[in-house]
There are 2 protein chains.
Amino acid sequence: MQPASSVLFPDLCSRRAKVLRAALRLFTQRGFFNTSLQMIVSESGASVGFIYHHFRDKEGIARALYHHLLERMNALLDDIEAAHRTAEERCRAVIKLLFELTEAEGDSMGFIAHARHREFLPNEKAICSASAFVRMRGFVFEGIEKGEIRPMDPMVAAVIAYGGAIRMIGLRLDGVIEQPLSGYLEELWAHTWQALHP
Amino acid sequence: MQPASSVLFPDLCSRRAKVLRAALRLFTQRGFFNTSLQMIVSESGASVGFIYHHFRDKEGIARALYHHLLERMNALLDDIEAAHRTAEERCRAVIKLLFELTEAEGDSMGFIAHARHREFLPNEKAICSASAFVRMRGFVFEGIEKGEIRPMDPMVAAVIAYGGAIRMIGLRLDGVIEQPLSGYLEELWAHTWQALHP
DNA sequence: GTCTATAGATCGATAGAC
DNA sequence: GTCTATCGATCTATAGAC
């Protein structure tokens with residue numbers, strides 16, 4: 001159940017937002033192909049006509065969700081970039097954010113980080129090519145250039161920096177990890193940084 | 001294109017194996033729900049009747065693939081456990097194996113590590129609860145107990161050990177990483193071990 | 001713009017011959 | 001055991017009233 005107010009879904013009232021939130025929950029929990037339009041109608045309270053008028057087709061709902069969530073992620077990365085100077089602080093802040101979003105808005109995190117978008121959005125780039133993920137890697141690349149991270153292949157540094165956290169998010173969303181992720185942040189990052197610091 | 005001989009698919013000749021290999025390729029590249037039975041018939045050369053007689057239904061093909069691949073992975077983990085004593089060597093060997101399989105049998109790795117099985121196999125456990133993944137984590141847990149890995153939460157150690165590699169596999173399968181993974185193994189593991197060693 | 005009723009197409013699964 | 005022809009269910013998308 002999504003909380004009443006939400007970082008990734010500021011708009012909770014419009015009918016369009018109701019459709020998006022219902023679809024998000026169904027897509028994440030049952031999968032895109034196991035979700036019929038009728039289910040979205042029942043869950044959202046909107047009608048078939050409304051949905052086709054505003055989203056063109058079923059794929060259009062997923063496309064709107066995809067772009068909406070990536071745009072929100074980009075805005076949150078802007079905040080992090082402005083609030084922190086060093087690669088170490090920025091990466092840590094990114095992981096803290098992702099952990100918090102996993103706990104507070106698991107459906108959204110599941111849709112962003114966990115779903116196989118190519119299967120139902122054939123014309124979208126792979127999510128890891130999306131700008132939000134490119135920018136996350138950019139924090140690491142910049143850290144190497146500035147000497148804040150020890151010299152190594154940039155992609156290797158990026159997967160070390162975020163790989164453990166992303167794996168942890170997956171395990172949490174799948175129910176393998178039963179405790180809130182916030183309790184792991186300090187320990188995870190302290191050790192991860194041992195692999196990166198100069 | 002799968003190679004002519006295969007670690008994960010020793011049997012290449014039987015009609016059953018032809019169906020499994022065709023389905024694997026289609027499921028990984030197009031997704032389970034975008035693959036019709038008719039496509040599997042066309043790709044494998046078997047008939048509808050043959051498939052339903054041997055697999056009961058479409059889900060049965062995916063189920064057979066899932067169990068077959070996890071069983072093969074378990075056998076390969078047996079080999080690693082027998083060939084290496086320390087956690088450091090075992091984890092490194094696991095990552096080396098996964099990197100090699102990603103390059104040589106990308107469809108299989110995509111199906112094991114990348115697909116959302118819950119969507120089309122509702123009665124199977126999440127893949128990260130499967131025995132192969134539990135055993136991979138077990139190598140890490142044992143390393144902590146023996147003092148080969150510095151004291152920390154076991155799950156944190158496990159995601160640090162494998163998270164970077166698994167992330168790299170995902171990026172490689174999605175085409176973000178363009179070079180073979182073997183070229184990254186040494187550097188990735190050398191730095192990752194800095195986060196784990198006592 | 002919004003709704004309901006329905007068309008149109010696909011696909012999984014089976015029946016029945018061999 | 002294997003095959004082909006076909007049924008029946010489901011779901012997306014649209015037509016047409018309001």
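Below, all heavy atoms of this structure are taken into account, side chains as well, without hydrogens, waters or symmetry copies. Here is how names work: the chains are called A, B, and so on, in the same order as the sequence lines, proteins then strands, and each is numbered from 1.
Under a 4.0 Å N-O distance rule, the pair B/Arg63/B/Glu59 qualifies as a salt bridge. Under 4.0 Å is where a charged nitrogen must lie from a carboxylate oxygen, and between B/Glu89 and B/Arg85 no such pair does. Salt-bridge check for B/Arg116 with A/Asp174: passed, with a basic side-chain N closer than 4.0 Å to an acidic carboxylate O. Taking a cutoff of 4.0 Å between a charged side-chain nitrogen and a carboxylate oxygen, A/Arg92 and A/Glu186 qualify as a salt bridge.
If you measure from atom CZ of A/Phe55 to atom P of C/dG1, you get 13 Å, rounded to the nearest angstrom. Taking atom CD1 of residue B/Ile51 and atom C1' of nucleotide D/dG1, one finds them 14 Å apart after rounding to whole Å. Atom P of nucleotide C/dA13 and atom CZ of B/Phe50 are separated by 17 Å, given to the nearest angstrom.
Taking every side-chain heavy atom of A/Arg15 into account, C/dC3 is the closest of C/dC3, D/dT2, C/dG1. Taking every side-chain heavy atom of A/Ser47 into account, C/dC3 is the closest of D/dT4, D/dG1, C/dC3.
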Expected string for nucleotides 11-17 of chain D under the B/S/- scheme (protein heavy atoms, under 4.0 Å, primed atoms plus P, OP1, OP2 as sugar-phosphate) is SSBB---
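A donor-acceptor pair under 3.5 Å is formed between the side chain of A/Lys58 and the backbone N or O of A/Thr35.
Both B/Met39 and B/Ile61 are part of a single hydrophobic cluster, where members link through side-chain heavy atoms under 4.5 Å apart.
Note on B/His53: every side-chain N or O is 4.0 Å or more away from OP1 and OP2 of D/dT2.
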